[in-house]
Amino acid sequence: MERLPEILNAFEQALELERELGTRTVECDRALLLPPAPGETRSCASVPVRPRGSAALPTGTTGVSPVEKTGTTGVSPVAPHAALPTAAELTACTRCDLHGLGRTHVVPGQGNANGPDFMFVGEAPGADEDRQGLAFVGAAGQFLTKMIAAMGYTRDQVFIANICKCRPPNNRTPSPPEMAACVPYLKRQIALVKPKCLILLGNTAMRGLFPDMFVRRGQWHMYGGIPAIGTFHPAYILRFDSAHDAAGLRKAKLEVWDTLKLALARLGKTPPAIQKKGQTT
Ligand code: URA
């Protein structure tokens, strides 16, 4: 019982973040809200997330729909889970059709889950990621590794995740219902990992997290109190044929780099000096 104030505080913070993310009802164990009545059997209750600044959470709220809905995505059964989505949980997921469309492994995402400076969000696993169960380990991932290194970080220091956790067949773009079905997992990751800044890689990541608004590359938006900025997906950069469109490639790379510098600046950081070959610090 000693830790009760701490637990309640963390719970309230989690609810506040859910509220900012658009959640209006969450499932919680009633034990967190009420001392047990004599002979009471514990069960799950749904609790409305109170508007900011209003009175304390109502105690003993019961009988509300166990599934909450957010924004216009319509599908978001988010509960205040204490843990990141695991491969086991995602493997059992049937919220959309992707589980039955030939994926080999689910790809939860990986990296520093403890308040990293940056969380990178991509689209969905490709063939390499599907084989290994890890995000961004193929060619696009190698380019992402270079982007991260140019910012002065290693992959282990940031968190890397995707909008969809299963590979769509033939690497097609995930459909809006697939994205809406999967994005609650990402929301949970964001809520628990608590990155200081979100970097959204490509249109799918931008649309997935901001389904109701047009997000322009290189412009800041707030996602549940976390600054978020979008840029090109690494795979887009890799599609340029440098022999035939060196100028286009350079322009796209510069735009990405400008956005990464904006993200660093947002946290009061500057990119490390470029090391020339053979130079030591
Ligand atoms: N593309 C993505 O969007 N995500 C990955 O994990 C790999 C490629």
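Nothing fancy with the numbering, it's 1 onward along the sequence. Both counts, for ligands and for their atoms, begin at 1 and track the order of listing.
Using a 4.0 Å heavy-atom criterion, the residues that approach ligand 1 are G122, E123, A124, E129, A135, F136, N162, H233.
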**Request:** Applying salt bridge (charged side-chain N to carboxylate O under 4.0 Å, His left out), run through R167 and E129 and close with a yes or a no.
**Result:** CA-CA 8 Å; R167 182 191 184 201; E129 290 77 19; over 6 Å; no
**Message:** Determine whether T154 and I148 satisfy the following criterion, side chain to side chain contact (heavy atoms under 4.5 Å, CB included), listing intermediate values before the conclusion.
**Reply:** CA-CA 6 Å; T154 64; I148 293 168; 5.7 Å; no
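In this structure a side-chain-to-backbone donor-acceptor pair under 3.5 Å is missing from N162 to K165.
Looking at E89 and T86, their side chains never bring a donor and an acceptor atom within 3.5 Å of each other. Using modelled atom types and a 3.5 Å distance limit, the side chains of Q189 and K194 yield no donor-acceptor pair. In this structure, a donor-acceptor pair under 3.5 Å is present between the side chains of T145 and R155.
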